[in-house]
Amino acid sequence: MDNVSVQKEHKGISSAHIAFIAMFSTLAGILYILNFSIPFAFPGFLEFKLSDIPILIGSFTLGPLSGAAITVVEILIKLVIKGTSTMFVGELSDLVTSCAFAVTAGIIYKKHRTFKGALAAMAIGSASLICVALVFNRVVLVPFYVRVFFGGNWTPLIQMMKPLFPSCTRETFYTFYLWVSVLPFNLLRCTVAVIVTLLVYKRISRLINSVNRKIYGKPDRNVKTEKRINTAFIITAATVLVLLTVFALLRFFVFD
């Protein structure tokens with residue numbers, strides 16, 4: 001892994017930094033929309049997220065706060081385009097688990113920018129995601145779906161588990177769902193993100209550092225003009241974020 005921090009190249013929020021966040025967010029949003037299930041291995045309502053890949057890479061190259069920002073924007077993009085079928089609870093779950101993974105890994109890697117540090121960061125981030133997913137599913141998701149969508153009736157949810165686990169009952173539901181479904185599902189999710197990140201991170205990090213050097217490494221650059229550009233980018237980014245939030249809410253309350 002690269003030992004050079006992008007943030008050390010240029011302190012503070014810059015136009016280039018915002019541009020890279022937007023790029024990673026757009027890619028993550030597209031991948032998030034393309035979530036898919038693996039019905040032969042896991043219950044069909046567990047959808048696989050490849051969007052963790054750009055979030056993790058963004059958290060490593062731009063910092064953990066940027067990783068959190070990418071997660072928020074990708075979810076807003078999905079809500080604007082597809083809306084929500086879970087009254088935002090599914091999206092909240094994805095927000096919490098993705099941040100537990102990428103932000104945790106980003107914080108650790110920011111302090112230990114070595115290959116071993118990256119491996120440790122991703123391992124701890126993966127463990128954090130899995131623990132959060134298990135707790136969130138047990139405490140929030142399943143009780144919410146049973147109460148709100150099924151009127152307190154467990155039968156529909158158990159029937160969704162039957163194709164893979166014929167002996168699943170109300171008493172054994174959490175055993176099959178949490179430990180045989182959620183845990184390996186999220187372990188696979190993290191493993192895919194880690195492998196891809198290890199393969200492409202260094203090239204992307206070098207590209208970002210190269211862009212930063214070209215923009216901010218010029219001795220004759222106009223600092224006042226640069227500040228104006230950065231301010232304009234920040235205002236534009238904040239405006240886009242507000243608009244995405246408004247459109248996501250309108251999609252849910254007006255158009256759905």
Side-chain angles (χ1 to χ4, degrees), residues 28 31-53 55-56 68 71-72 74-75 78-79 82-105 108 120-196 248 251-253 256:
L31 292 175
Y32 189 34
I33 292 170
L34 299 176
N35 279 358
F36 57 92
S37 59
I38 312 176
F40 60 86
F42 306 104
F45 51 84
L46 290 178
E47 294 191 331
F48 200 77
K49 276 171 53 69
L50 290 176
S51 57
D52 286 319
I53 298 169
I55 295 173
L56 181 59
T71 307
V72 171
E74 66 136 2
I75 290 175
K78 182 263 182 184
L79 288 173
K82 290 187 66 177
T84 178
S85 59
T86 63
M87 297 177 64
F88 301 110
V89 176
E91 287 76 24
L92 177 61
S93 174
D94 291 331
L95 173 64
V96 172
T97 53
S98 290
C99 284
F101 179 40
V103 176
T104 300
I108 296 171
M122 289 187 284
I124 295 172
S126 298
S128 298
L129 183 153
I130 291 170
C131 289
V132 168
L134 289 171
V135 172
F136 203 86
N137 272 274
R138 178 62 178 84
V139 176
V140 179
L141 280 181
V142 173
F144 176 83
Y145 287 140
V146 170
R147 180 176 299 177
V148 175
F149 286 95
F150 305 133
N153 183 8
W154 279 83
T155 302
L157 198 57
I158 293 173
Q159 290 302 318
M160 295 180 191
M161 299 286 289
K162 288 283 188 179
L164 288 175
F165 310 109
S167 59
C168 180
T169 63
R170 168 68 183 87
E171 291 72 25
T172 61
F173 173 82
Y174 281 117
T175 299
F176 284 113
Y177 180 60
L178 294 179
W179 306 112
V180 190
S181 300
V182 173
L183 191 155
F185 176 85
N186 284 285
L187 181 60
L188 176 62
R189 167 182 167 184
C190 293
T191 301
V192 171
V194 166
I195 291 174
V196 175
R251 173 69 185 260
F252 178 72
F253 289 108
D256 280 357

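What you are looking at is a predicted structure, and each value in this text was computed from that prediction instead of being measured.
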Filter on salt bridge (Lys or Arg N to Asp or Glu O under 4.0 Å), then keep only pairs touching residues 38-51, sequence neighbours left out; what's left?
Lys49-Glu74
Residues Ala193 and Ile53: closest non-hydrogen pair is CA-CG1, 3.8 Å
Write down the atom of Gly44, the atom of Ser37, and the distance for their closest heavy-atom approach.
O-CB, 3.2 Å
Check whether any side-chain heavy atom of Phe101 lies under 4.5 Å from a side-chain heavy atom of Leu56, and answer yes or no.
yes
Could you pull out all residues at least two apart from Val135 that satisfy side-chain contact (heavy atoms from CB on, under 4.5 Å)?
Val139
Not counting sequence neighbours, which residues clear side-chain contact (heavy atoms from CB on, under 4.5 Å) with Thr175? List them please.
none
If you round to the nearest 0.5 Å, how far is CG of Asn35 from OG of Ser51?
5.5 Å
Residue pairs meeting salt bridge (Lys or Arg N to Asp or Glu O under 4.0 Å), one or both in residues 140-158, sequence neighbours left out, come to none
Those residues that, when tested against Phe36, pass side-chain contact (heavy atoms from CB on, under 4.5 Å) (two or more places apart)
Ile38, Phe48, Leu50
Nearest heavy-atom approach of Ala100 to Thr104 is O-OG1, 2.6 Å
Is any side-chain heavy atom of Asp52 less than 4.5 Å from a side-chain heavy atom of Cys190?
no
Acceptor/donor pairs from residues 151-163 side chains to any protein atom, 3.5 angstrom cut, sequence neighbours excluded:
unit_1 : atom_1 : unit_2 : atom_2 : d
Asn153 : OD1    : Thr155 : N      : 3.0
Asn153 : OD1    : Thr155 : OG1    : 3.0
Lys162 : NZ     : Pro166 : O      : 3.0
Lys162 : NZ     : Cys168 : O      : 3.0

List, one per line, each side-chain donor-acceptor pair under 3.5 Å for residues 85-96, sequence neighbours excluded.
unit_1 : atom_1 : unit_2 : atom_2 : d
Thr86  : OG1    : Thr84  : OG1    : 3.4
Thr86  : OG1    : Gly90  : N      : 2.9
Thr86  : OG1    : Glu91  : OE1    : 3.3
Glu91  : OE1    : Thr84  : OG1    : 2.8
Glu91  : OE2    : Lys78  : NZ     : 2.5
Glu91  : OE2    : Thr84  : OG1    : 3.4
Asp94  : OD2    : Tyr32  : OH     : 2.5

Search all heavy atoms of Ala28 against all heavy atoms of Ile55 and return the closest pair with its distance.
CB-CG1, 4.2 Å
How would you list, by chain and number, every residue that makes a ring-ring contact (aromatic ring centres under 6.0 Å, His included) with Tyr177, sequence neighbours excluded?
Phe45, Phe173
Kindly write out the residues that satisfy side-chain contact (heavy atoms from CB on, under 4.5 Å) with Thr169, not counting sequence neighbours, or none if the list is empty.
Glu171, Thr172
What's the shortest heavy-atom distance between Leu164 and Pro39, and which atoms?
CD2-O, 3.7 Å
Show which side-chain atoms of residues 178-187 pair as donor or acceptor with protein atoms under 3.5 Å away, not counting sequence neighbours.
unit_1 : atom_1 : unit_2 : atom_2 : d
Ser181 : OG     : Phe176 : O      : 3.2
Asn186 : OD1    : Arg189 : NH1    : 3.1
Asn186 : ND2    : Val182 : O      : 2.8

As an exercise, state the distance from CE of Met122 to CD1 of Ile195, rounded to the nearest 0.5 Å.
10.0 Å
